[in-house]
Protein chains: 2
Amino acid sequence: MELPKYLQIAEEIKEKIRNGNLKPGDSIPSENSLCATYNVSRMTVRKSLFLLSTEGYIASIAGKGSFVKEPDSEKYLLYYNELVNLISRIDRTRLLEVKIVLPPPEVMNSLHLSSNRKIILVKRLFYSNSEKVAYDLKYLIYYKGMPVVEKEIQYGTFPEMVSKYTSLFAIQKELTISAQLPDDEIARQLSLYNHQPLLVVEQKLFNYQKEPIGLGITYYRGDYCKLYARSPFSALE
Amino acid sequence: MELPKYLQIAEEIKEKIRNGNLKPGDSIPSENSLCATYNVSRMTVRKSLFLLSTEGYIASIAGKGSFVKEPDSEKYLLYYNELVNLISRIDRTRLLEVKIVLPPPEVMNSLHLSSNRKIILVKRLFYSNSEKVAYDLKYLIYYKGMPVVEKEIQYGTFPEMVSKYTSLFAIQKELTISAQLPDDEIARQLSLYNHQPLLVVEQKLFNYQKEPIGLGITYYRGDYCKLYARSPFSALE
DNA sequence: CAGTGGTCTAGACCACGTG
DNA sequence: ACGTGGTCTAGACCACTGA
């Protein structure tokens with residue numbers, strides 16, 4: 001026996017779905033009938049079907065049956081690391097500023113802060129091959145045990161900053177990606193003409209209670225940043 | 001009994017991982033010892049662990065044990081639909097051109113085409129509230145049964161175009177995202193000054209044999225496109 | 001060698017949806 | 001009432017790891 005039975009069964013069904021033999025909305029044979037067809041126990045069949053459902057091929061409904069799903073054609077797996085992208089790799093960072101501030105109103109709003117709550121602002125420049133490629137802002141809500149030592153702040157990504165005092169498994173993240181022109185400060189910091197395009201990635205972090213704990217905005221020179229995403233195909237990666 | 005046992009067990013372990021009680025690299029108690037602790041059969045424990053592994057919390061190694069994983073802090077779930085984003089929704093498209101062409105060398109290269117292979121080129125404009133918001137190019141390798149009827153090409157996204165003759169379950173996709181300035185043609189088509197930034201999304205489609213079957217490039221006005229991504233947290237969504 | 005996870009079985013009871 | 005999937009058990013044998 002080469003492959004385990006449950007994988008053979010799963011592959012046979014997947015193949016029928018991929019080649020159009022089974023279409024979205026169609027029903028899969030019942031678990032008991034699959035047991036009979038393949039001469040295996042029900043737990044083995046169920047393992048196959050569970051695999052197919054985690055991979056997005058099917059969905060099961062108690063009392064009714066299992067059905068081929070509409071594929072999630074809008075979902076992609078995006079790889080994002082502040083310091084590495086398809087074009088450049090940040091090999092040096094410069095810490096411009098770390099201070100406690102009253103954040104600008106947009107940030108206050110975005111982080112659900114009361115009007116007089118001060119937070120930590122970190123400004124950094126990212127370099128690649130001695131070229132300035134990005135300007136980076138972080139607004140962090142202060143918690144006890146947080147890294148305020150420059151060494152800890154200067155290097156590393158936003159998730160790494162908070163991982164010192166919280167498990168990353170408890171952190172939720174949201175990104176928004178857009179193209180903008182630099183304002184005066186950014187143009188100055190990056191030594192840009194103000195009509196060069198920027199790729200702007202806004203990163204928002206939440207704790208497990210879904211309360212916002214930080215906001216990061218990275219302004220990349222357009223010619224130094226390209227992001228990559230791909231279709232998941234097997235949700236387990 | 002409120003939650004099924006396997007979910008209770010999984011939640012207890014997840015909680016220990018989230019609150020730092022169990023850290024990346026730590027080993028989970030063996031399946032047999034978990035059976036004893038929770039007074040359940042081994043299959044039930046295994047179901048819990050399988051759940052944790054599909055959600056990225058742990059990994060199991062035959063003969064050794066199960067271990068807390070390093071979290072995938074670089075992976076995000078990106079939602080991308082050519083016609084809908086955080087800022088605008090395309091409510092009208094205009095088909096500028098459909099023709100059979102020898103593609104430009106970059107495209108030929110990207111699609112692994114022989115030097116004299118002709119393909120279909122589709123040019124479209126996307127509108128939102130009667131405003132031109134994006135210029136869209138598709139290069140499609142021709143296959144029998146493919147939609148060449150204008151009605152089918154004019155509307156819909158790239159995946160939808162190919163879904164007429166292939167199951168989307170057999171399609172793999174890759175995206176790259178960047179910020180650029182418009183070249184003359186794009187500036188003309190979108191009636192832009194040529195220093196307005198564009199968000200450029202390049203979409204490459206592959207068949208199940210990983211052979212490229214199409215390339216799409218969408219140039220969005222920067223002020224009309226913002227993309228959204230978030231941390232997966234439970235890979236099954 | 002003993003302990004680990006990986007596969008598999010042949011039952012069982014349940015809640016659900018449909019006739 | 002019947003068939004569906006959802007949960008669970010108490011075994012079994014295997015391949016792998018490490019002492």
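Note that the coordinates shown come from a computational prediction; the quantities given were computed from them, not determined experimentally. So that the names make sense, note that chain A is the first sequence line, chain B the second, and so on, each numbered from 1.
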Q: Check whether any side-chain nitrogen or oxygen of Lys47(B) sits under 4.0 Å from OP1 or OP2 of dG6(D), and answer yes or no.
A: no

Q: With the side chain of Tyr6(A) defined as its heavy atoms from C-beta on, choose the nearest nucleotide among dG5(C), dG17(C), dC8(C).
A: dC8(C)

Q.
Looking at dT7(D), I'd like to know if its phosphate oxygens (OP1 or OP2) sit under 4.0 Å from a side-chain N or O belonging to Thr44(B).
A. no

(Q) Let's see if you can work this out: which of dT9(D), dT9(C), dT7(D) has an atom nearest to the side-chain heavy atoms of Val40(B)? (A) dT9(D)

(Q) In this structure, is the centre-to-centre distance between the rings of Tyr224(A) and Phe126(A) below 6.0 Å? (A) no

Q.
Closest-nucleotide mapping onto DNA chain C: is Met43(B) or Asn32(B) further toward the 5' terminus? I mean the 5' end.
A. Asn32(B)

Q. How long is the line joining CG of Leu49(A) and P of dG6(D), in whole Å?
A. 9 Å

Q) Lys64(B) has an atom NZ; how far is it from atom C1' of dG3(C), in whole Å? A) 14 Å

**Q.** Gap between atoms CD1 and P, on Ile9(A) and dT7(C) respectively (whole Å)
**A.** 13 Å

Q: With the side chain of Arg46(B) defined as its heavy atoms from C-beta on, choose the nearest nucleotide among dT9(D), dG5(D), dG5(C).
A: dG5(C)

Q. Given Gln8(A) and Tyr38(A), is the side-chain hydrogen bond (donor to acceptor under 3.5 Å, both in side chains) satisfied, shown in steps?
A. CA-CA 10 Å; Gln8(A) 288 179 36; Tyr38(A) 292 102; over 6 Å; no

(Q) Using a heavy-atom cut-off of 4.0 Å across all strands, would you classify Ile61(A) as base, sugar-phosphate, or nothing? (A) sugar-phosphate

Q: Check the distance between dG6(D)'s C1' and Ile58(A)'s CD1 and give it to me in whole angstrom.
A: 14 Å

Q | Charged N-O contact under 4.0 Å between Arg18(A) and Glu11(A) | A | yes

Q.
Can you tell me if Ser60(B) touches the phosphate of dT4(C), counting only side-chain N or O atoms and a distance under 4.0 Å to OP1 or OP2?
A. no

Q: Indicate the ring-plane relationship of Tyr80(A) and Tyr220(A), choosing parallel, tilted or perpendicular according to the 30° and 60° boundaries.
A: perpendicular

Q. Would you say dA10(C) has OP1 or OP2 under 4.0 Å from some side-chain N or O of Ser41(A)?
A. no

